[in-house]
> 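My questions all concern the structure below.
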2 protein chains.
Amino acid sequence: MKNMATSNFKQAPRSETAEKILDLAEMLIQTRGCSAFSYKDISDVLGVRKAGIHYHFEFKTDLGVAVVDRYTEPFGKALANIAGNKSSSSMAMLIARYAEFADTPDRVCLCGALAGEIPALLLKLRDRVDRFFTTHQWWLAEIPKRAVARGEFKLSGSASKTARLVFAALQGALVVRRTTADASQMTDIISALKSQLASA
Amino acid sequence: MKNMATSNFKQAPRSETAEKILDLAEMLIQTRGCSAFSYKDISDVLGVRKAGIHYHFEFKTDLGVAVVDRYTEPFGKALANIAGNKSSSSMAMLIARYAEFADTPDRVCLCGALAGEIPALLLKLRDRVDRFFTTHQWWLAEIPKRAVARGEFKLSGSASKTARLVFAALQGALVVRRTTADASQMTDIISALKSQLASA
DNA sequence: GTCTATACAAAGATAGAC
DNA sequence: GTCTATCTTTGTATAGAC
């Protein structure tokens with residue numbers, strides 16, 4: 001787990017079209033999943049032929065990897081930021097940040113969406129999803145540990161188990177919310193999570 | 001929410017081949033998702049042509065609906081059973097049952113998998129997933145309420161909020177576990193969940 | 001460097017053989 | 001009632017035009 005905090009995915013600067021393709025692909029994966037979207041979905045919107053997309057991203061898996069890398073980077077920064085914050089509510093900040101980041105209606109966490117079809121993905125992409133999850137759960141354990149060290153609150157159970165619960169609940173909440181299209185699905189779960197943590 | 005407990009999906013008796021198709025489709029949806037599997041995946045195993053599957057299930061959506069209905073029925077019965085049980089550990093039974101039901105490595109909850117690609121599904125199938133989730137969360141609120149009524153334990157927060165947290169955590173746990181292929185992902189979350197509920 | 005025309009395979013579904 | 005042969009559309013990818 002060494003150097004987990006600083007693992008990064010530096011990205012080459014990209015053309016404007018490439019960024020638009022990434023935007024659309026990200027949205028499509030989050031709403032429909034990776035297998036259910038095609039280059040046509042993207043080319044239709046951009047007004048080029050399907051093959052035009054292949055120039056920017058030769059294979060679909062490459063496109064998927066690029067989307068994940070771009071998605072992952074600011075997320076990791078936000079977590080590091082929260083961990084460094086010395087104020088008294090880092091855990092709440094963390095949950096809020098997480099919820100907000102995936103706050104677009106109909107979207108789940110990008111990596112949550114991909115995790116749902118892991119066996120259908122090529123290894124390269126699978127690894128990215130795996131890494132995203134591992135990193136996040138590491139942070140979710142690390143942040144409360146630091147808060148405890150600062151005397152912010154006490155921890156009853158194991159930090160890593162609690163971290164896993166929080167992470168799973170957030171990922172699951174995004175999925176459940178989608179079926180009912182009911183925003184309270186998300187807010188209820190977050191409030192339950194907070195009150196559980198407060199008493200821990 | 002009336003009659004939620006008894007909503008049922010009666011099923012016509014089916015040929016042996018049809019049952020085999022359902023078995024395979026269920027497995028494929030749980031591992032790869034609905035969009036990522038095709039009739040060919042099934043016909044290859046069964047040793048018939050793709051069109052042979054279409055005889056048993058004319059459209060892919062029909063197959064999906066049949067899979068969900070078959071999956072849903074015993075699940076609902078198990079929940080009703082647990083709710084009726086007068087022993088002292090219904091909540092634990094519930095969680096155990098839930099975990100066990102989806103205990104096959106690499107599989108997530110069937111409806112969790114489908115929820116991940118809701119916008120890519122036809123309405124008929126979407127409704128089934130929606131109903132599964134609604135029913136389950138109803139039970140997850142109802143079961144602790146009954147336990148409280150029997151003096152099994154006290155409830156600090158709202159029952160329905162807690163129910164939503166439990167449900168989301170279990171769904172999320174199944175997804176997260178898959179990426180890491182680490183069984184402790186599931187057991188850690190369940191144990192964290194139980195200890196949270198015990199203190200509630 | 002950017003895109004179009006085209007190829008090739010796989011998808012879902014129909015019509016008809018047994 | 002059960003399955004095969006076949007059709008059409010869509011999906012991914014290559015080769016080549018501008």
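We name chains A, B, ... by the order of the sequence lines, and we start the count at 1 in each one. Note that this is a predicted model, so its numbers are computed, not measured.
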> Just do the salt bridge (charged side-chain N to carboxylate O under 4.0 Å, His left out) check on Arg178(A) and Asp106(A) with the steps written out, would you?
CA-CA 6 Å; Arg178(A) 247 221 316 224; Asp106(A) 267 347; 5.1 Å; no

> Hey, are Asp44(A) and Lys50(A) close enough for a salt bridge, meaning a charged N less than 4.0 Å from a carboxylate O?
no

> Using a strict cut-off of less than 4.0 Å between a Lys/Arg side-chain nitrogen and an Asp/Glu carboxylate oxygen, indicate whether Asp182(B) and Arg164(A) qualify as a salt bridge.
yes

> So, is Ser38(B) close to the dA11(C) phosphate, meaning a side-chain N or O under 4.0 Å from OP1 or OP2?
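Checking dA11(C) against Ser38(B), a side-chain N or O does come within under 4.0 Å of OP1 or OP2.
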
> What's the CG-P distance between Leu28(A) and dT12(D), to the nearest Å?
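Distance check: Leu28(A) CG to dT12(D) P gives 11 Å.
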
> Quick one: do Asp127(A) and Arg131(A) satisfy salt bridge (charged side-chain N to carboxylate O under 4.0 Å, His left out)? Show the steps, please.
CA-CA 6 Å; Asp127(A) 284 344; Arg131(A) 172 125 63 145; over 6 Å; no

> Less than 4.0 Å between a side-chain N and a carboxylate O, is that true for Arg70(B) and Asp23(B)?
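Yes.
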
> Starting at atom CZ of Phe57(A), determine the distance to atom P of dG11(D), rounded to an integer number of angstrom.
19 Å

> Return the value, rounded to whole Å, for the distance between atom NE2 of His54(A) and atom C1' of dA17(D).
18 Å

> Can you measure Asp41(A) atom CG to dT9(D) atom C1' for me and round it to whole angstrom units?
14 Å

> What integer distance in Å separates Tyr39(A):OH from dA11(C):P?
18 Å

> At 4.0 Å (heavy atoms only), tell me whether Phe37(B) reaches a base, stays on the sugar-phosphate, or touches nothing.
sugar-phosphate

> Does a side-chain N or O of Lys40(A) approach OP1 or OP2 of dG11(D) to a distance below 4.0 Å, or not?
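For dG11(D), OP1/OP2 do not have a side-chain N/O of Lys40(A) under 4.0 Å.
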
> For residues His54(A) and Phe59(A), determine if any side-chain heavy atom of one lies less than 4.5 Å from a side-chain heavy atom of the other.
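Of all side-chain heavy-atom pairs linking Phe59(A) with His54(A), none is under 4.5 Å.
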
> Starting at CD1 of Ile42(A) and ending at C1' of dA13(D), how long is that distance when rounded to a whole Å?
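To the nearest whole Å, that distance equals 15 Å.
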
> Provide a list of protein-nucleic acid N or O atom pairs under 3.5 angstrom, restricted to nucleotides 1-5 of chain D.
unit_1 : atom_1 : unit_2   : atom_2 : d
dT2(D) : OP2    : Tyr55(B) : OH     : 2.7
dC3(D) : OP2    : His56(B) : NE2    : 2.9
dT4(D) : OP2    : Arg49(B) : N      : 2.9

